[in-house]
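Notes to accompany the following structure.
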2 protein chains.
Amino acid sequence: MLVPMGRWEPNARDRLAQAALTLFQEHGYDRTTVEEIAARAGLTERTFFRYFTDKKEVLFGGSDALHERIVTCIADAPQGTAPLDAVAAALESLAPFFKDRRDHARARQTLLAAHAELRERELIKLASLASAAAETLRGRGVTEPTASLAAEAGIAVFKVAFERWLEDPKAQDLSRHIQFGLDELRAVTASTGPRTPTEPSRPLARPARARKP
Amino acid sequence: MLVPMGRWEPNARDRLAQAALTLFQEHGYDRTTVEEIAARAGLTERTFFRYFTDKKEVLFGGSDALHERIVTCIADAPQGTAPLDAVAAALESLAPFFKDRRDHARARQTLLAAHAELRERELIKLASLASAAAETLRGRGVTEPTASLAAEAGIAVFKVAFERWLEDPKAQDLSRHIQFGLDELRAVTASTGPRTPTEPSRPLARPARARKP
DNA sequence: GGAGTGATGTCAGTAGCTGACATCAAGGAG
DNA sequence: CTCCTTGATGTCAGCTACTGACATCACTCC
């Protein structure tokens with residue numbers, strides 16, 4: 001090795017995560033055992049479970065960083081920022097995190113699409129982001145249920161925007177997709193309530209688009 | 001027994017679900033084995049797994065009915081109904097399902113609060129409702145991402161409304177909580193965008209309430 | 001009355017996950 | 001220099017969730 005190091009190879013955690021992703025792609029998620037992952041990283045099954053509570057968790061490495069970033073970003077929003085804007089700005093600030101990892105994110109998404117258990121984990125991570133955002137809003141004086149709704153709505157926009165970003169052939173920035181999603185959400189909520197149908201030929205009234213994605 | 005019956009006691013599925021809930025409450029979720037649940041229902045572990053794919057799944061019995069109700073309700077919404085209104089109406093139509101089961105729902109919620117794995121399952125059920133709603137909207141001519149956003153926003157409102165309904169000391173109807181949540185969501189999205197702070201004394205601008213909960 | 005059917009039981013096996021204890025290099029205190 | 005502590009790892013035994021294969025046996029239909 002080039003760099004002198006301690007008793008063990010460094011970055012055990014990263015090695016495990018890398019080994020796991022590779023093996024999952026090569027042989028599928030369920031046909032990969034934790035023992036195999038550990039072996040490929042030069043470690044033991046027991047050590048794997050010291051780094052990750054779960055076999056699933058190995059796919060959700062960076063989520064703490066996102067969590068932290070969202071919280072500080074909302075906390076630091078300028079005075080007078082509307083709750084949903086604060087959340088949206090926080091979510092947009094995550095774009096750089098993903099910018100260089102679109103391929104990685106795609107590979108991950110493919111796995112998620114095929115395995116409900118992994119989607120479950122993804123959803124609870126997002127829900128945890130939402131509740132952290134809500135709590136930060138509350139710390140700024142936003143009352144319930146406004147705080148929770150702003151947070152949940154923001155996360156809903158993020159979910160949709162993220163999926164479309166992964167599929168976007170034009171590879172536009174994630175933050176643009178978020179902005180567009182927000183505009184769509186505004187249109188969806190604005191066009192609501194008892195109303196006279198203005199386009200009788202259409203099955204359901206459609207809100208106008210606010211911005212091009 | 002009063003009613004002549006076949007070779008086995010009827011309602012194996014319900015017996016299992018009932019036994020599970022009781023045992024979870026008495027001894028906690030992880031300290032209850034599937035074998036114990038099955039034994040209490042007069043069945044075998046193997047049979048349990050014929051009815052439920054999972055140990056967790058035993059707590060999510062009625063979700064198919066909700067799914068179906070939401071789909072038909074959105075599909076049957078009158079022409080010209082705005083997407084979010086169709087979703088909201090569908091969610092409100094679920095209120096009768098829960099009306100008589102507030103205690104049951106509370107017991108369940110207590111378990112969910114204590115066990116992340118159960119919350120994961122709850123979240124994926126809700127997400128599945130959202131995507132079913134979105135697909136039904138699409139079937140009515142609503143385009144993406146409007147359909148997904150309306151569905152996700154609706155589910156977000158439902159999540160918040162449901163929690164508040166469970167805690168509501170006045171025990172107001174779930175559908176009222178949903179309506180109130182919708183109004184709040186509208187306020188949250190309407191008050192958004194670059195703006196001049198109107199209340200400099202408050203840390204964050206607060207949208208006005210539209211209705212009393 | 002015999003064949004088929006469907007809900008259940010039995011059994012053996014895999015793999016995720018945990019607790020308890022051992023190991024062993026690095027670094028600091030004496 | 002030696003001893004002792006510390007922290008990351010290994011070893012081992014064990015539990016339980018979950019699965020596949022096959023057996024059972026009352027009921028039903030021909």
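Please read all numbers here as calculations on a predicted model, not as lab measurements. Sequence lines set the chain letters: A, B, ... in the order given, protein chains first and strands last, and positions in each chain run from 1.
- If you measure from atom CG of A:Leu43 to atom P of D:dT11, you get 11 Å, rounded to the nearest angstrom.
- Heavy-atom contacts from other residues, nucleotides or ligands closer than 6.0 Å to CZ of B:Arg102 number more than 12.
- The nearest pair of heavy atoms linking A:Leu84 to A:Ala150 is CD1-O, 3.6 Å.
- Across residues 110-119 of chain B, not one residue has a non-hydrogen atom less than 4.0 Å from an atom of DNA chain D.
- Because its NZ or CZ atom is not both nearer than 6.0 Å to the ring centre of B:Phe180 and within 45° of the ring axis, B:Arg164 does not count as a cation-pi partner of that residue.
- In this structure, B:Asp173 and B:Trp165 have side chains that are not in contact, with every pair of non-hydrogen atoms separated by 4.5 Å or more.
- Listed by first and then second residue, the side chain to side chain donor-acceptor pair (under 3.5 Å) pairs that reach into residues 46-55 of chain B are B:Asp54-B:Arg121, sequence neighbours excluded.
- For the OP1/OP2 pair of C:dT8 and a distance below 4.0 Å, the side-chain nitrogens and oxygens of B:Thr47 include no atom meeting the criterion.
- Distances from the side chain of A:Tyr51 to the nucleotides C:dT8, D:dT11, D:dA8 place D:dA8 closest.
- Taking the six-membered ring for Trp and thresholds of 30 and 60 degrees, A:Phe162 and A:Phe98 have ring planes more than 60 degrees apart, a perpendicular arrangement.
- With a 6.0 Å cutoff to the six-membered ring centre and a 45° limit on the axis angle, A:Arg108 counts as a cation-pi contact of A:Phe60.
- For B:Arg15 and C:dA7, the CZ to C1' distance is 11 Å, given to the nearest whole Å.
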Reading 5' to 3' through nucleotides 16-22 of chain D, protein heavy-atom contacts under 4.0 Å coded B for base, S for sugar-phosphate only, - for none: -SBBBB-
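- When rounded to the nearest whole Å, the span between CD of A:Glu36 and P of C:dA15 equals 8 Å.
- The side-chain contact (heavy atoms from CB on, under 4.5 Å) with B:Val87 is formed by just one residue from the set B:Leu182, B:Leu137, B:Thr136; it is B:Leu137.
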